[in-house]
Amino acid sequence: MAAQKPSIPKGTRDFSPIEMVRRNYIFDTIKGVFCNYGYQPIETPAMENLSTLIGKYGDEGDRLLFKILNSGSYLEKVDDATLENKDQAGLTRQISEKGLRYDLTVPFARYVVQHRNDISFPFKRYQIQPVWRADRPQKGRYREFFQCDVDVIGSDSLLNEVELIQIIDDVFTKLGIKAIVKLNNRKILAGIAEVIGESNNFGHITVAMDKLDKIGIDKVNEEMLAKGISKKAIDKLQPILSMEGKLKEKFPLLMDILKDSPTGLKGCEETKAVMCHLKDLGINTKFELDLTLARGLDYYTGAIIEVKAVDVAMGSICGGGRYDDLTGVFGLEGVSGVGISFGADRIYDVLMELNGFPEAYQASSKVMFVNFGDEEVKYCLPVIDKLRKAGINAELYPDAARMKKQLGWANNKGIPFIVMAGTEEIKNKKFMLKNMNKGEQEQLTEHELIKKLK
RNA sequence: GUGGAUGUAGCUCAGUAGGUUAGAGCGCUAGAUUGUGGUUCUAGAGGUCGCCGGUUCAAAUCCGGUCUUCCACCCCA
């Protein structure tokens, strides 16, 4: 039988030791900040019932859901008409009732509703788990990737938005990534659509506006025209698209434009309040009002937050917003939540480009004992045990291989210290400690060895 | 889902008027060094040329399909 070539599915990755050390550095940093603000961890299953997921992310999102084939003789239960008509959607419904989670927010909403009696609101939770999207992979885009979510649910207070941005500030400051936080508000966008008389085309307008940075104002206008938005409305939109300047100037201008839309004005007030708080706090990270920021999923209703790295061309590395009624579809009305999600994989890519991982983070132990044979092993094992109990990562090479092999192995693993104890050392009750970086070595007693390595 | 590029040794890549045993660097293994790695020198191992099919006396090379990775669009962390 021919050996099959090993491979993994498109858009997925293995993580080797060095990568895991670096990833854990990211996760540990993020987790530390989350805990620092009083958020509690939860986890939810990799798969959810498809009914939980479908319809929460828009049509595009539904297309990107990974669906899991039912077990058993699923095909027998499919009615003939579905097969004959090649009714794909109908067939999917009949043969698949589970799917891999697409993000952590919807499963969280499901969790909150299901456990509502055990939760005391407002509930502050964090969740770090992989999610899956059947997207076509490219740079910074994977089919399996990790999200680090923090959400507060059951509180309308804008202080939550402020706190989340403080968290963003803390995380990226700790990771040494220069970031910029872009803020917007769904209510402002709704207000804009309203005052230009195109509320029905809200989606088309925001998607087009979102591309302003990338394709320029003319193309944006072109796209909106193509989507059936009236020339008159587009004309009315121009002052907003070309709005520049400082926040102080932007807000009055915006409020004037939105003066006939109570929703729009509310969004303005909310955003202004958040920004005032941030200004008072004096955070490290720059933040700005970006009216073209429309990203975020269908369920966002208030603040929209997006973070980009300043020094690296990469999609957003963190994003989120407020959702007023995500739990509503699961039968719990009137519970508002706000949250953000850090994209660990993209943060990894950014840190790689910046060469921003700390050197000290090491995958290996601090000291390796060379294995010279049974007698010597017997002499070393108790000391290795003592080192470990003293909190020093220590190991013994498992085979009595050639010295060259053992030292080469330690070298490749980046182990900084080697202990050699052969007949000579055993006789003198000593241990030869070798510094692999400097090449120096010295004979030490057991006590001195432990002290030295500590 | 749409369009474009890519695939040769473990890794990075050479290799077309189709023509004997497909190359380099790095890495790996062994020796120089019977208790000393990371430097040096010498030797060696390692390839279904992504996969399937077609054209041809002959295909890594030309053609078709398929998969992979990457880029743009769509959308997103």
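Just so we're on the same page: letters track the sequence lines, and every chain starts at 1.
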N or O in side chain of A:K211 less than 4.0 angstrom from B:rC74 OP1/OP2: yes
Sugar-phosphate, base or nothing in reach of A:K438, heavy atoms under 4.0 Å: nothing
NZ/NE/NH1/NH2 to OD/OE distance under 4.0 Å, A:E60 and A:R63: yes
Protein-nucleotide distance (A:Y102, atom OH; B:rC75, atom P), rounded to Å: 11 Å
Base paired to B:rG31 (Watson-Crick or G-U; both N/O distances under 3.5 angstrom): B:rC41
hbond_proxy A:R136 side chain to B:rC75 base (donor-acceptor, 3.5 Å cutoff): no
Whole-angstrom distance between B:rU8 and B:rC52, as gauged at atom P: 16 Å
First of A:I317 and A:M436 reached from the 5' end of RNA chain B, by closest nucleotide: A:M436
Whole-angstrom distance between B:rU6 and B:rC13, as gauged at atom C1': 14 Å
Polar pair under 3.5 Å, donor/acceptor by atom type, side chain A:K404, base B:rU36: no
Sugar-phosphate, base or nothing in reach of A:G61, heavy atoms under 4.0 Å: nothing
Sugar-phosphate, base or nothing in reach of A:Y142, heavy atoms under 4.0 Å: base
Interatomic distance at C1', B:rG54 relative to B:rG18, whole Å: 15 Å
A:D169 versus A:T285, side-chain donor and acceptor atoms under 3.5 Å: yes
Pairwise P distance for B:rU16 and B:rU61, with rounding to whole Å: 12 Å
Interatomic distance at C1', B:rU69 relative to B:rG25, whole Å: 23 Å
Sugar-phosphate only, base, or nothing, as touched by A:R143 at under 4.0 Å among non-hydrogen atoms: nothing
Residue closer to the 5' end of RNA chain B, A:I215 versus A:G11 (nearest nucleotide): A:G11
Separation of B:rG31 C1' from A:K405 NZ (nearest whole Å): 16 Å
Lys/Arg N to Asp/Glu carboxylate O, A:K452 vs A:E442, below 4.0 Å: yes
Phosphate contact (B:rA72 OP1 or OP2) by A:Q138 side-chain N/O below 4.0 Å: yes
Residue-phosphate contact under 4.0 Å: A:R402 side-chain N/O, B:rA30 OP1/OP2: yes
salt_bridge(A:R13, A:D345) N-O dist < 4.0 Å: yes
Touch class at under 4.0 angstrom, heavy-atom based, for A:D345 against every strand present: nothing
A:L293 CG to B:rC76 P, straight-line distance once rounded to whole Å: 11 Å
Sugar-phosphate, base or nothing in reach of A:C318, heavy atoms under 4.0 Å: sugar-phosphate
Distance, C1' atom - from B:rC49 to B:rA30, rounded to whole angstrom: 29 Å
Nearest-angstrom distance from the residue atom NZ of A:K227 to P of B:rC75: 8 Å
Value in whole Å for how far the C1' atom of B:rA77 lies from CG of A:L175: 15 Å
A:R133 side chain, from C-beta outward: closest of B:rC75, B:rC76, B:rU36: B:rC76
Salt bridge flag under 4.0 Å for residues A:K56 and A:E48: no
Donor-acceptor under 3.5 Å (A:N435 side chain, A:K438 main chain): yes
Sugar-phosphate, base or nothing in reach of A:V131, heavy atoms under 4.0 Å: nothing
B:rC75 base / A:R141 side chain donor-acceptor hit below 3.5 Å: yes
Check: A:N411 side chain, B:rG38 base, donor-acceptor under 3.5 Å: no
A:E425 side chain vs A:G422 backbone, donor-acceptor pair below 3.5 Å: yes
Sugar-phosphate only, base, or nothing, as touched by A:Q406 at under 4.0 Å among non-hydrogen atoms: nothing
Sugar-phosphate only, base, or nothing, as touched by A:G422 at under 4.0 Å among non-hydrogen atoms: base
Proximal nucleotide (of B:rA77, B:rU36, B:rU68) relative to the A:K10 side chain: B:rU68
Base B:rG35 paired with A:E425 side chain (donor-acceptor, <3.5 Å): yes
Among B:rU36, B:rC74, B:rC76, the nucleotide that comes nearest once only the side chain of A:M432 is considered: B:rU36
Residue A:R63, side-chain heavy atoms: nucleotide from B:rC73, B:rG1, B:rG37 that is nearest: B:rG1
Selection from B:rC75, B:rU68, B:rA77 that lies nearest to any side-chain heavy atom of A:F145: B:rA77
Separation of atom CD in A:E375 from atom C1' in B:rG35, rounded to whole Å: 17 Å
Rounded distance (Å) that lies between atom P of B:rA77 and atom CD of A:Q147: 7 Å
Whole-Å distance separating the CG atom of A:N412 from the C1' atom of B:rG10: 14 Å
No-hydrogen, no-angle side-chain donor-acceptor test under 3.5 Å, A:D151 and A:T105: no
Distance between C1' atoms of B:rC51 and B:rA45 (Å, rounded): 27 Å
Same-atom distance (P) from B:rC11 to B:rU2, integer angstrom: 31 Å
